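We name chains A, B, ... by the order of the sequence lines, and we start the count at 1 in each one. FYI, side chains are in, hydrogens and waters are out, and symmetry mates aren't considered; it's all heavy atoms of this structure. Computed from a predicted model, the values in this text were never measured in an experiment.
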There are 2 protein chains.
Amino acid sequence: MNDSPRRRELTRLAAQLFVQEGFDRTTVRMLAQEMGIKSGSLFHHFRDKQEILCAVIEEGTQNALAIAREALEACAPTPEARLHAMARAHLETLLTDRNAHVVALYEWRRLDAESRAHLSHLRDAYEALWQEVVGDALEAGLIHGDKFLVSRFVLGALNWTVRWYDPEGSRTPEELARELIAMITPPSH
Amino acid sequence: MNDSPRRRELTRLAAQLFVQEGFDRTTVRMLAQEMGIKSGSLFHHFRDKQEILCAVIEEGTQNALAIAREALEACAPTPEARLHAMARAHLETLLTDRNAHVVALYEWRRLDAESRAHLSHLRDAYEALWQEVVGDALEAGLIHGDKFLVSRFVLGALNWTVRWYDPEGSRTPEELARELIAMITPPSH
DNA sequence: CCTACCGATCGGTAGG
DNA sequence: CCTACCGATCGGTAGG
């Protein structure tokens with residue numbers, strides 16, 4: 001609905017707080033203070049706290065989808081390059097200061113039924129893109145297994161990196177993506 | 001400390017509620033009602049809400065560690081059988097009505113510094129066991145990659161199953177474990 | 001294990 | 001966007 005610069009800035013700050021503290025522990029007063037306004041003023045921009053979560057998750061998923069599509073267009077048209085591009089794009093949106101995507105994955109269950117219905121098509125589109133790329137890699141003989149299971153295992157491995165990745169460490173998201181693809185690819189490739 | 005049957009039953013019920021609702025949304029009143037007592041009475045068994053979480057996570061991790069060790073002793077002494085036994089044990093504690101292990105993984109960040117210090121040795125022991133089994137599989141040439149990265153990717157893929165697994169579906173945890181190992185193992189094996 | 005209750009804090013509102 | 005405030009609910013306690 002509304003999409004003012006003010007609302008966008010609040011959405012960005014909310015994403016940061018939701019990652020740091022979790023949605024339930026983030027209070028409207030914390031978000032207001034971060035923005036430099038009073039808590040009551042938040043509800044000029046959002047109907048309620050749930051709508052803030054919804055805005056963050058929508059932004060995070062849309063951005064992840066856009067980045068993934070750009071990465072696919074920019075890379076070589078081989079199944080291996082496309083798989084690597086997807087993994088790299090996913091990790092970069094998760095690990096390089098893109099809080100909204102982390103919220104989309106880790107706070108999805110906090111959405112009420114209405115918000116979930118509104119956002120599920122976006123989520124499905126992102127997963128469908130993954131299944132397409134994984135499916136092509138399977139047909140090319142690059143990897144093996146069931147399309148849906150492989151997609152879920154790979155996404156799980158990627159999503160869990162949020163829990164242990166150290167940005168000050170020696171590995172970049174790109175290297176992590178390469179290592180994951182190497183793990184599921186026979187050495188002959 | 002205390003370990004009465006009453007406290008154990010409360011820990012079991014708390015694990016169930018923490019998985020369903022999340023730790024933050026579970027109130028002491030919900031837990032008391034589930035147990036059939038008044039909320040004030042809970043604090044005869046636990047100092048505060050944090051200690052309930054600590055008890056659940058301790059139980060979940062200890063149980064996962066015990067089940068994994070049993071599985072390793074019962075299986076064939078080959079790297080492949082041991083890897084499969086670990087994955088299967090992990091999935092069964094996560095997916096087959098063992099709520100405490102899910103809480104240990106998904107609510108770890110809700111622990112305060114004191115509880116975390118008390119439990120980190122248990123968590124480390126479980127991860128060390130995984131790294132040992134993965135390390136043996138690497139040396140045997142069954143899989144390839146970095147020991148720590150492979151361990152983390154595999155555990156991530158397993159942990160994320162909680163988010164999409166359907167107990168009414170057609171696949172058992174054992175089949176899931178087999179498919180995951182197949183994914184990271186060259187077809188020649 | 002219960003009754004009775006507490007101070008704090010929560011999300012959200014009314015009126016300007 | 002602020003002031004001023006609300007009803008509800010939270011974790012936890014005292015005294016029995």
Side-chain angles (χ1 to χ4, degrees), chain A residues 1-58 103 107-116 118, chain B residues 1-58 103 107-116 118:
Chain A
M1 22 192 87
N2 185 0
D3 200 40
S4 64
R6 216 73 182 133
R7 183 179 155 119
R8 291 191 61 82
E9 176 68 4
L10 280 167
T11 302
R12 199 184 62 81
L13 288 173
Q16 189 182 327
L17 285 170
F18 292 168
V19 169
Q20 278 172 28
E21 309 286 334
F23 174 69
D24 292 328
R25 282 163 118 93
T26 301
T27 68
V28 295
R29 283 165 178 80
M30 291 165 62
L31 176 55
Q33 190 176 16
E34 207 75 15
M35 189 68 177
I37 60 179
K38 298 294 175 180
S39 67
S41 307
L42 281 177
F43 300 97
H44 173 70
H45 299 92
F46 299 94
R47 195 187 326 129
D48 51 25
K49 195 187 172 192
Q50 178 71 207
E51 195 179 284
I52 305 179
L53 178 61
C54 197
V56 171
I57 292 185
E58 181 163 23
V103 175
E107 305 287 356
W108 178 269
R109 291 167 62 238
R110 302 277 84 91
L111 288 171
D112 60 26
E114 192 186 352
S115 305
R116 216 175 284 205
H118 175 244
Chain B
M1 20 193 89
N2 185 0
D3 200 40
S4 64
R6 217 72 181 133
R7 183 179 154 119
R8 291 191 60 81
E9 176 68 3
L10 280 166
T11 303
R12 200 184 61 82
L13 288 173
Q16 189 181 327
L17 285 169
F18 291 168
V19 169
Q20 278 172 27
E21 309 286 334
F23 174 69
D24 292 327
R25 282 161 117 94
T26 301
T27 68
V28 294
R29 283 166 178 80
M30 291 167 60
L31 176 55
Q33 190 176 16
E34 207 76 15
M35 189 68 178
I37 61 178
K38 298 294 176 181
S39 67
S41 307
L42 281 177
F43 300 97
H44 174 69
H45 299 92
F46 299 94
R47 196 187 327 128
D48 51 24
K49 196 187 172 191
Q50 179 70 207
E51 194 178 285
I52 305 178
L53 178 61
C54 197
V56 170
I57 292 186
E58 181 162 25
V103 175
E107 305 286 356
W108 178 268
R109 290 167 62 238
R110 302 277 83 91
L111 288 171
D112 61 27
E114 192 187 350
S115 305
R116 215 175 285 205
H118 174 244

Problem - For atom CZ of A:Phe43 and atom P of D:dC2, their distance in whole Å - result: 14 Å
Handout entry: Any A:Arg6 side-chain N or O less than 4.0 Å from OP1/OP2 of D:dC1
Key = yes
Problem - d(CZ, B:Arg47; P, D:dG11) in whole Å - result: 17 Å
Practice task
Evaluate salt bridge (Lys or Arg N to Asp or Glu O under 4.0 Å) for B:Arg6 paired with B:Glu9, printing each intermediate quantity in order.
Solution key: CA-CA 5 Å; B:Arg6 217 72 181 133; B:Glu9 176 68 3; over 6 Å; no
Fill in the blank from the handout: Between CZ of B:Arg25 and P of D:dC10 the distance, given in whole Å, is 12 Å
Fill in the blank from the handout: In Watson-Crick or G-U wobble terms, with both distances under 3.5 Å, the base opposite C:dC10 is D:dG7
Practice task
Hunt down the Watson-Crick or G-U wobble partner of D:dC1, both distances under 3.5 Å, from any strand shown, or write none.
Solution key: C:dG16
Problem - Any side-chain heavy-atom pair of A:Val28 and A:Phe43 under 4.5 Å - result: yes
Problem - Candidate pair B:His118 and B:Glu58, rule side-chain contact (heavy atoms from CB on, under 4.5 Å), full reasoning - result: CA-CA 9 Å; B:His118 174 244; B:Glu58 181 162 25; 3.7 Å; yes
Fill in the blank from the handout: Between CG of A:Leu31 and C1' of C:dG11 the distance, given in whole Å, is 13 Å
Completion exercise
Closest of C:dG11, D:dG12, C:dC2 to the B:Lys49 side chain is D:dG12
Problem - For atom CE of A:Met35 and atom C1' of D:dC1, their distance in whole Å - result: 11 Å
Practice task
Using atom CD of A:Glu51 as one end and atom C1' of C:dG12 as the other, report the distance to the nearest whole Å.
Solution key: 14 Å
Handout entry: Heavy-atom side-chain proximity of B:Arg110 to A:Arg25 below 4.5 angstrom
Key = yes
Handout entry: Nearest-Å distance for atom pair CD1/C1', residues B:Ile37 and C:dC2
Key = 10 Å
Handout entry: Validation row: B:Ile52, B:Leu10 side chains within 4.5 angstrom (heavy atoms)
Key = no
Practice task
Between A:Gly40 and B:Gly40, name the one whose nearest nucleotide on DNA chain C is closer to the 5' end.
Solution key: B:Gly40
Exercise for the section: Compare side-chain N and O positions of B:Lys38 against OP1 and OP2 of C:dC1 and report whether any pair is under 4.0 Å apart. Expected result: no
Practice task
Let me know the distance between CG of A:Leu42 and C1' of D:dC2, rounded to the nearest Å.
Solution key: 12 Å
Exercise for the section: When you get a sec, tell me which of C:dC2, D:dC1, D:dG12 is the closest nucleotide to the side chain of B:Ser41? Expected result: C:dC2
Practice task
Using a cut-off of strictly less than 4.0 Å, decide whether A:His44 has a side-chain nitrogen or oxygen near OP1 or OP2 of D:dC2.
Solution key: no
